[in-house]
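Since the model is a prediction, treat every value here as computed from it, not as a measurement. Keep in mind that the numbers below use all heavy atoms, side chains included, and drop hydrogens, waters and symmetry copies.
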Amino acid sequence: MTTHLIAWDECDARVAANGVAKRTIPGAGASLVRIVVPAGTSAPRHSHAHEQFVQVLSGSGTLETEQGRAAFGPGSVFHLPPEAWHAAEFTTETVLVEINLSA
């Protein structure tokens, strides 16, 4: 097995029209994504075919799932099973690290 040391700044940033910037490190069965979300951004209700873990490094907002709405901040971790719908509102600039597990 080969181990690599990777700095986020070495990964190309993809910036969406709404200003959300993502840097991805792909793996064989998962990917690691660093996301910077501008304050005031909303992510409408959606789901993914894959399982997802998200850690909030900085910032704040509200996550909505079928269980209801909950405020999040630094140190919060979301676990989203495959096909679980979710939506989010970001009240401040927020930095997330996301692990996407392949199906």
Is it true that L101 and I35 fall in one hydrophobic cluster, defined by side-chain heavy atoms closer than 4.5 Å?
no

Considering non-hydrogen atoms only, spot the tightest contact between A28 and S102 and give its length.
O-OG, 4.5 Å

Nearest-0.5 Å distance, CD1 of residue I6 to CZ of residue R23:
13.0 Å

Would you kindly check if the NZ (Lys) or CZ (Arg) of R45 is within the cone defined by 45 degrees around the ring axis of W85 and under 6.0 Å from the six-membered ring centre?
yes

Tell me if a side-chain donor or acceptor on S31 pairs with a main-chain N or O of P26 at a distance below 3.5 Å.
no

Considering non-hydrogen atoms only, spot the tightest contact between A21 and V15 and give its length.
CB-CG2, 4.0 Å

Spell out, yes or no, whether V95 and V56 are grouped together once hydrophobic residues are joined by side-chain heavy atoms under 4.5 Å, including indirect joins.
no

Non-hydrogen atoms of P74 and S58 that approach each other most closely:
CG-CA, 4.0 Å

If you measure from CG on L32 to OG1 on T24, what distance do you get to the nearest 0.5 Å?
8.5 Å

To the nearest 0.5 Å, how far apart are CG in L63 and CG in L80?
6.5 Å

Do T94 side-chain atoms and V37 backbone N/O form a donor-acceptor pair below 3.5 Å?
no

Could you go through V20 and F90, starting from their C-alpha distance and side-chain angles, then the distance that decides it, and tell me whether this counts as side-chain contact (heavy atoms from CB on, under 4.5 Å)?
CA-CA 11 Å; V20 173; F90 300 88; over 6 Å; no

Looking at CD of E51 and CD of E83, how far apart are the two atoms once the value is rounded to the nearest 0.5 Å?
12.0 Å

Aromatic ring pairing F78/F72, orientation class (parallel under 30°, perpendicular over 60°, tilted between)
perpendicular

Do you know which two heavy atoms are closest between T92 and G59, and how far apart they sit?
OG1-CA, 3.2 Å

Calculate, to the nearest 0.5 Å, the distance between atoms NE2 and CD1 belonging to H50 and I99 respectively.
11.5 Å

Closest heavy-atom pair, P38 versus T41, reported as atoms and distance to 0.1 Å, is O-OG1, 2.8 Å

Nearest heavy-atom pair of P44 and A87: which atoms, and what distance?
C-CB, 3.9 Å

Hey, what do you get for CD (Q52) to NE2 (H79), rounding to the nearest 0.5 Å?
9.5 Å

Run the side-chain contact (heavy atoms from CB on, under 4.5 Å) test on E89 and E64 for me, step by step, so that the C-alpha distance in whole Å, both residues' side-chain angles and the decisive distance to 0.1 Å come before the verdict.
CA-CA 9 Å; E89 296 175 359; E64 182 177 6; over 6 Å; no

Is there a path of hydrophobic side-chain contacts, each under 4.5 Å between heavy atoms, that joins W8 and F53?
yes

